[in-house]
Asker: 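Have a look at the structure that comes next, please.
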Amino acid sequence: MDVNRFKKREKSFVDEPVPQGVDMVAEINRMKQEKKAVILGHYYQTSDIQDISDYLGDSLKLSQVAAETDAEIIVFAGVHFMAETAKILSPGKMVIIPDLEAGCSLADSCPPDEFRKFREAHPDHTVISYVNTTAEIKTMTDICCTSTNALDIVNYLPEDEKIIFAPDKNLGNYIQRVSGRDMLIWQGACHVHEEFSVEKIAGLKKQHPQAKIIAHPECEKPVLLMADHVGSTSSLLKFTKEDDAQQYIVATESGILHKMKKESPEKDFIVAPPKDSTCGCSDCNFMKLITMKKIYNSLKYERPVVELDDDTIEKARKPIVRMLEISKELGL
Ligand code: 13P
Ligand code: SF4
């Protein structure tokens, strides 16, 4: 099948204009009720999408919801690997991603053929892979993880266990530094988190000496070393709620600032600047492909849907379920 032709066709309807006079938010809410649909929104979505999501969270929380919801349709306002994970966990449901091209540079940095060879070269290693991977990579994985539970899952394994960690090198190196474990790390990275500039963050800190620096572990080591707190998206959010500082320099995707401001309206949040000064933002351009209009159209037409064959679902399900079981056992 010519996948690109299919994508173009899907793109044309999601970009269809919303008819004049239609209240998009009211219509989305009405269609959700009528079709027994839920919207799962990641913290990196725009604020309007976060506000209409039935469940808002990080990758771990959203996969836990996807495994448990009794809705008939899941609309995933996030990126493709997240929607794929929802489909794997709830194969009987219709899973919609409002733009099929909402991919992930980190997932793309781990091509299945190369990863298969890498894994075969180290048969005595347990494979832990971040959920930011394709379903095919998950079929070659023993346990999945997210940035919220990666350290706990590595520590859950016996101390002498040899580990392959994929695909994010920055998260892998961070976990290795903190846990001291024997890990072989795939050299992938996320284009948003790799872009933060140490010099510019240091400049901001000079201007705002009281501000605390907080960073996602997908950032490069020099950024993590200057941070007051390193953690997943939800860990950074929790920190800003519980900590007593008034100002934060935030080194992760800028969408999370909406929730941070909502939770702590009296505090001030500054987006950490990227190295490339032509772009003053820290947006994930894949996450930001999802728009209210595309959600409206995809609910209306019940497309584009995420499809996976049964064999892939069966094999990719095991490491995700294992991750959810361990997370439950550890109270995460
Ligand atoms: P979280 O695990 O914090 O949701 O991160 C998802 C992601 O895409 C990070 O870039
Ligand atoms: Fe992927 Fe990075 Fe975007 Fe997260 S922020 S979805 S890791 S490209």
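Counting convention: from 1, in listed order, for ligands and their atoms alike. Remember, predicted model here, so these are calculated numbers, not experimental data. Here, residue 1 is the first one in the sequence, and each next residue gets the next number.
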Asker: Looking only at protein heavy atoms, which one is nearest to atom 1 (Fe) of ligand 2, and what is the separation?
Answerer: C104 SG, 2.4 Å
Asker: I need the atoms of ligand 2 closer than 4.0 Å to a non-hydrogen atom of H191, numbered in the order shown.
Answerer: 8 (S)
Asker: Which one holds for N132 and ligand 1: side chain close, backbone close, both close, or neither close, with close meaning a heavy atom under 4.0 Å?
Answerer: side chain
Asker: Any atom of ligand 2 sitting under 4.0 Å from a heavy atom of E218?
Answerer: yes
Asker: Please report whether the ring centroid of H80 lies less than 6.0 Å from that of F286.
Answerer: no
Asker: Please check whether S147 reaches ligand 1 - meaning an N/O of the residue sits under 3.5 Å from an N/O of the ligand, judged on distance alone.
Answerer: yes
Asker: Give me the residue, atom name and distance of the protein heavy atom closest to atom 2 (Fe) of ligand 2.
Answerer: C190 SG, 2.4 Å
Asker: Near N132, which atoms of ligand 2 are under 4.0 Å from a heavy atom of that residue?
Answerer: 7 (S)
Asker: Could you tell me whether atom 2 (Fe) of ligand 2 has an N, O or S atom of C284 under 2.8 Å away?
Answerer: no
Asker: If you count the atoms of ligand 1 from 1 in the order shown, which ones are under 4.0 Å from a heavy atom of H193?
Answerer: 10 (O)
Asker: Just which atoms of ligand 2 are under 4.0 Å from any heavy atom in S105?
Answerer: 8 (S)
Asker: Under 4.0 Å, heavy atoms only, figure out whether ligand 1 is touched by the backbone of Y43, its side chain, both or neither.
Answerer: neither
Asker: Consider every N or O of H42 and every N or O of ligand 1, then say whether any pair is closer than 3.5 Å.
Answerer: yes
Asker: Can you confirm whether D311 is buried at CG, in the sense that more than 12 heavy atoms of other residues, nucleotides or ligands lie under 6.0 Å from that atom?
Answerer: yes
Asker: Only heavy atoms of D58, strictly under 4.0 Å: list the atoms of ligand 1 that pass.
Answerer: 4 (O)
Asker: Could you tell me if the side chain of M82 sits less than 4.5 Å from the side chain of H42, heavy atoms only?
Answerer: yes
Asker: Write out the residue and atom name of the closest protein heavy atom to atom 5 (O) of ligand 1, then the distance separating them to 0.1 Å.
Answerer: H216 NE2, 3.5 Å
Asker: Taking distance alone, with N or O pairs closer than 3.5 Å, would you say S59 contacts ligand 1?
Answerer: yes
Asker: Can you tell me how far the CG atom of L225 sits from the SG atom of C219, to the nearest 0.5 Å?
Answerer: 11.5 Å
Asker: In Å, rounded to the nearest 0.5 Å, how long is the span from NZ of K238 to CG of L236?
Answerer: 12.0 Å
Asker: Indicate the ring-plane relationship of F239 and H229, choosing parallel, tilted or perpendicular according to the 30° and 60° boundaries.
Answerer: parallel
Asker: Contact between ligand 1 and M287 is defined here as a heavy atom of the residue under 4.0 Å from a ligand atom; is it met?
Answerer: no
Asker: Please work out, at 4.0 Å between heavy atoms, whether the side chain, the backbone, both, or neither of E218 comes within that distance of ligand 1.
Answerer: side chain
Asker: Establish, from distance only, whether the side-chain atoms of N29 and K32 form a donor-acceptor pair under 3.5 Å.
Answerer: yes
Asker: Using side chain to side chain donor-acceptor pair (under 3.5 Å) as the criterion, point out the one residue from S232, S327, S59 that pairs with N149.
Answerer: S327
Asker: Within the 4.5 Å heavy-atom criterion, are L289 and E101 side-chain neighbours or not?
Answerer: yes
Asker: Under the side-chain contact (heavy atoms from CB on, under 4.5 Å) test against N170, which residue among H216, E194, K221 passes?
Answerer: E194
Asker: Counting only nitrogen or oxygen atoms and a 3.5 angstrom limit, does T233 reach ligand 1?
Answerer: yes
Asker: Would F165 and W186 count as a close aromatic pair, with their ring centres under 6.0 Å?
Answerer: no
